[in-house]
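First up is the structure itself, then whatever we jot down about it.
Since we're looking at a predicted model, the values are computed, not measured. All ligand and atom numbering here is 1-based and tracks the order in the structure. In this chain, residues are counted from 1 in sequence order. The figures here come from the full heavy-atom set of this structure, side chains too, leaving out hydrogens, waters and symmetry mates.
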Amino acid sequence: MLEEYTKYIDEGTLSELKQLAQELKGVKILHVNSTKLGGGVAEILHRMVPLMNELGIETRWEVIKGELEFFKVTKKIHNLLHMPGKEALTHQDVITYMRQTYENVSYIDTDPYDVVFIHDPQPLGLIVKKRKGQRWVWRCHIDISTPDEGVWKFLEMFVNGYDGSIFHIPEFVREGVQIPAFVIPPSIDPLHDKNIELSEEFINSVLERFGIDPEKPIILQVSRFDRLKDPLGVMEAYKLVKRRYDCQLVLAGSFAADDPEGEEVYKEVMEAKGDDKDVFILNLPPDSHKEINALQRAATVVVQKSIREGFGLVVSEAMWKYKPVVGSNIGGIKRQIVNGVTGYLVNSVEGTAFRIKQLLANVKDREEMGKNAHERVRHSFLITRHISDYLLVTCKLLK
Ligand code: UDP
């Protein structure tokens, strides 16, 4: 499988990757996160773990167990880390988090590994299991540049027990982090079903299945049903565009196992849709990779109007498919989209509508930006670069 990447990266980069892996021969690595399905972290691990094994590094992936109550608390932590809110973490929340952590301590065997990567805050507390000689890394996938201080203080106690931390962009590195911090943006895999090339026939069959008109422009946002992805804001922008252009809006999403708010947000979006026949709210099974791929390829303009975003994998996925993306000027998206070159960065509903209209009006701009977008992802955001960065961090920490 590794050799297949030479279609996208040069031989030299691949042999560097193999050399790095050679340095780490015999090292055992474990990744731990909170869901097998749904969301960007699971998406990356599904591809990264087999590739690391193919490189000769024994790598496993474990998922923590959690009751609904626990995931309600971790979702609250997730939201509060993204921005301070009205709610605060209660004593009961802390007890729920600690109790589940305690259960996972005996459920997940971390001892056989030399290096343990813990993804995001849900499994963070497992650090209490760290044994002598091991290296533990906290891989943060979220935008924690403006967190609720109380929640951050609680997590910081765990974070500082790690040997290293990894953030998507420099702005996310917190001052209180006393351990080495590395900056590594995440990636997409061109060989994943989500990103492989598809025939026109298949793309059209997907549109037909959902009743989408292939002749009418399609504005698309793909996201879990989460308020931080601002699906209602996308709908408002679409309504402004619709005054001038006969177009369709597709909001494709799914529920993630570790996100208890999905159903509620889905209902809100369905209500906002009303009886507009040009709006399609698709609640897809989480493994609908080829369908998402087809929708991204069929889209005229892709939108990512998140309020907070560590790094939108969906942004990179759409860019890889030669799509200009209109994305919020926040978090990792700021680093993904080069404003005016690969798409547009926007700050409001009106701005989003304005840029969508501009792109709908101009095929040439769309094509040019789409090409630039593809090249940007090929250069900076593919999985081979991501693995190589992880291996470098591992080498550094084991020295
Ligand atoms: N995704 C999917 N189906 C959906 C919604 C999202 O397969 O209905 C995928 C999407 O293609 C991307 C990942 O889930 O690969 C979402 O990652 P992103 O970083 O954009 O957001 P997150 O969900 O991690 O906040």
Salt bridge (Lys or Arg N to Asp or Glu O under 4.0 Å) between Asp230 and Lys305, intermediate numbers included: CA-CA 6 Å; Asp230 199 16; Lys305 215 202 147 300; 2.7 Å; yes

Taking the inter-plane angle between the rings of Tyr97 and Phe158 on a 0 to 90° scale, is it parallel (under 30°), tilted (30 to 60°) or perpendicular (over 60°)? tilted

Contact atoms of ligand 1, heavy-atom distance to Glu43 under 4.0 Å: 15 (O)

Atoms in ligand 1 flagged as close to Phe311, the criterion being non-hydrogen separation under 4.0 Å: 19 (O)

Answer yes or no: does an N/O atom from Gly312 fall short of 3.5 Å to an N/O atom of ligand 1? no

Do Gln248 side-chain atoms and Asp213 backbone N/O form a donor-acceptor pair below 3.5 Å? yes

So, the side chain of Asn33 versus the backbone of Val63: is there a donor-acceptor pair under 3.5 Å, distance only? no

So which heavy atom in the protein is nearest [atom], and how far is it from that ligand atom?
atom: atom 21 (O) of ligand 1; answer: Lys229 NZ, 3.1 Å
atom: atom 10 (C) of ligand 1; answer: Val314 CG1, 3.4 Å
atom: atom 4 (C) of ligand 1; answer: Ser254 OG, 3.3 Å
atom: atom 23 (O) of ligand 1; answer: Arg224 NE, 2.7 Å
atom: atom 8 (O) of ligand 1; answer: Gly253 C, 2.9 Å
atom: atom 16 (C) of ligand 1; answer: Gly40 N, 3.6 Å
atom: atom 11 (O) of ligand 1; answer: Glu317 OE1, 2.7 Å
atom: atom 18 (P) of ligand 1; answer: Leu313 N, 3.5 Å

Between His289, His192, Lys194, flag the one that comes closest to atom 9 (C) of ligand 1 by a heavy atom. Lys194

Report yes if the side chains of [X] and [Y] come closer than 4.5 Å at any heavy-atom pair, otherwise no.
X: Leu295; Y: Leu207; result: yes
X: Arg174; Y: Ile144; result: yes
X: Gln134; Y: Pro112; result: no

I need the contact type for Ile292 against ligand 1. Using non-hydrogen atoms and a strict under-4.0 Å cut-off, is it side chain, backbone, both or neither? side chain

Heavy atoms only, cut-off 4.0 Å: how does Val222 contact ligand 1, side chain, backbone, both, or neither? side chain

Checking salt bridge (charged side-chain N to carboxylate O under 4.0 Å, His left out) against Asp93, which of Lys72, Lys75, Lys76 comes through? Lys76

With salt bridge (Lys or Arg N to Asp or Glu O under 4.0 Å) as the rule and sequence neighbours excluded, what pairs involving residues 282-293 come up? Arg209-Glu291

